[in-house]
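Here the structure comes first, spelled out in structure tokens, and everything after it is commentary.
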Protein chains: 2
Amino acid sequence: MKTKHAVTLFEALSSGTRLDLFRLLIRHAPAGLVAGDIARLLNVSASNLSFHLKALAHAGLITMEKEGKFLRYRAEIPLMLDLIAYLTSECCSGNPAQCSNYREASRVEPAVLPDHG
Amino acid sequence: MKTKHAVTLFEALSSGTRLDLFRLLIRHAPAGLVAGDIARLLNVSASNLSFHLKALAHAGLITMEKEGKFLRYRAEIPLMLDLIAYLTSECCSGNPAQCSNYREASRVEPAVLPDHG
DNA sequence: TAAACAATACAACAACAGTTGAAATGTGTC
DNA sequence: GACACATTTCAACTGTTGTTGTATTGTTTA
């Protein structure tokens, strides 16, 4: 991944509305949601939602698919994982032991999915 | 992690200069780097670097420590890992099988450190 | 074709971000 | 104390972002 693309991705995630939106789509993966439902769930105006959907789509973090007169949006989870790898892959200049210590210091294991009950 | 804090963290990473800076500190973990060295390595003016260091420190992504007349900066890697967990923890509403498929679709395993030779 | 609805596009505005250069603060050395 | 150097602060400017309201495009149903 190029730095420029990574910056675009982080920019896309650096608005409260967009972060809520993306996480909503992550929770609803892989089914996705149509724009109207998203607007209702997040209590955002249609116009404003469209603006943020466009930003996320431009970054590549979500995809859209026509569904009758609706548009269904889905989170592009592999790209999110690539971004995470971009951030972490050169950690400690390839000193795995040091990095493992950091991981233990983190409250949550990032790669393990939670139980959800 | 609260949404507001996560937004602050993504904002902190959504500038080319700051992303380069943070990744530089990640590569140089756990030793860190002093400000002058960072300025030289990234070819950024001292004033501008200070601005971005402050933004990253305010977000909590880096820490600073006095070292004689220098200031040494270090990446706060556990916080980065918490941010990653925040983004991924509710993926697919706790459907691990689905998420595993996504992870296989990603080129790099995010939680496994690369070989580096 | 027309009506009703889903979603986007556009203009306008306030608020904020990134960069620069000059001045100020603080630290170590003589 | 005086100097050299590392780093930060501040003012100023330019460009960008997020939101709102209205107009427009496109789809379904009749």
Side-chain angles (χ1 to χ4, degrees), chain A residues 2-25 28 31-75, chain B residues 2-25 28 31-75:
Chain A
K2 300 265 172 65
T3 298
K4 202 173 171 183
H5 189 203
V7 168
T8 306
L9 296 175
F10 284 124
E11 273 173 0
L13 296 171
S14 67
S15 129
T17 304
R18 280 198 298 274
L19 188 52
D20 288 344
L21 168 44
F22 184 63
R23 295 215 320 146
L24 182 68
L25 289 178
H28 286 262
L33 288 169
V34 298
D37 287 342
I38 298 171
R40 262 165 247 126
L41 285 165
L42 296 182
N43 201 28
V44 171
S45 77
S47 169
N48 195 20
L49 176 64
S50 181
F51 171 80
H52 289 297
L53 283 169
K54 199 177 163 187
L56 283 169
H58 178 254
L61 280 171
I62 63 176
T63 57
M64 53 203 273
E65 186 192 2
K66 275 201 124 174
E67 195 174 288
K69 73 175 172 180
F70 302 92
L71 276 171
R72 179 165 293 270
Y73 287 89
R74 289 188 179 86
Chain B
K2 299 266 172 65
T3 299
K4 202 172 171 184
H5 190 202
V7 168
T8 306
L9 295 175
F10 284 124
E11 273 173 359
L13 296 171
S14 66
S15 131
T17 304
R18 279 198 298 273
L19 188 52
D20 289 344
L21 168 45
F22 183 64
R23 295 214 320 145
L24 183 67
L25 289 178
H28 285 262
L33 287 170
V34 298
D37 287 343
I38 299 171
R40 262 166 247 125
L41 284 165
L42 296 183
N43 202 28
V44 171
S45 77
S47 167
N48 195 20
L49 176 64
S50 181
F51 171 81
H52 289 298
L53 284 169
K54 199 177 164 187
L56 283 168
H58 177 254
L61 280 170
I62 63 175
T63 57
M64 54 203 271
E65 187 192 2
K66 275 200 126 174
E67 194 175 290
K69 72 175 174 181
F70 303 92
L71 275 170
R72 179 165 294 270
Y73 287 88
R74 289 188 180 87

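The sequence lines fix the lettering, A, B, ..., with proteins before strands; numbering per chain opens at 1.
- Spacing between atom CZ of Phe70(A) and atom C1' of dG26(D) amounts to 13 Å, rounded to whole angstrom units.
- For His52(A) and dT17(D), the NE2 to P distance is 12 Å, given to the nearest whole Å.
- Contacts of Arg72(A) with the nucleic acid, taken as non-hydrogen atoms under 4.0 Å apart, are absent.
- OP1 and OP2 of dA7(C) both lie 4.0 Å or more from every side-chain N or O belonging to Lys66(A).
- The base of dA9(C) does not come close enough to the side chain of Ser50(A) for any donor and acceptor atom to sit less than 3.5 Å apart.
- Dashed line: the shortest gap from a side-chain N or O of Arg18(B) to OP1 or OP2 of dA17(C) is not under 4.0 Å.
- Contact annotation: Asn48(B) reaches the phosphate of dT19(C) (side-chain N/O to OP1 or OP2, under 4.0 Å).
- Remark: the Ser15(A) side chain and the dG18(D) base include no donor-acceptor N/O pair separated by less than 3.5 Å.
- Residue whose closest nucleotide on DNA chain D sits further toward the 5' end, between Ser45(A) and Lys69(A): Ser45(A).
- Heavy atoms of Ala35(A) sit under 4.0 angstrom from primed sugar atoms or phosphate atoms, though from no base atom.
- Residue side chain Ser47(A) does not reach the base of dT8(C) through any donor-acceptor N/O pair under 3.5 Å, judged by distance alone.
- In summary, of the residues considered (Leu56(B), Leu61(B), Ile62(B)), a side chain to side chain contact (heavy atoms under 4.5 Å, CB included) with Leu25(B) occurs for Ile62(B) alone.
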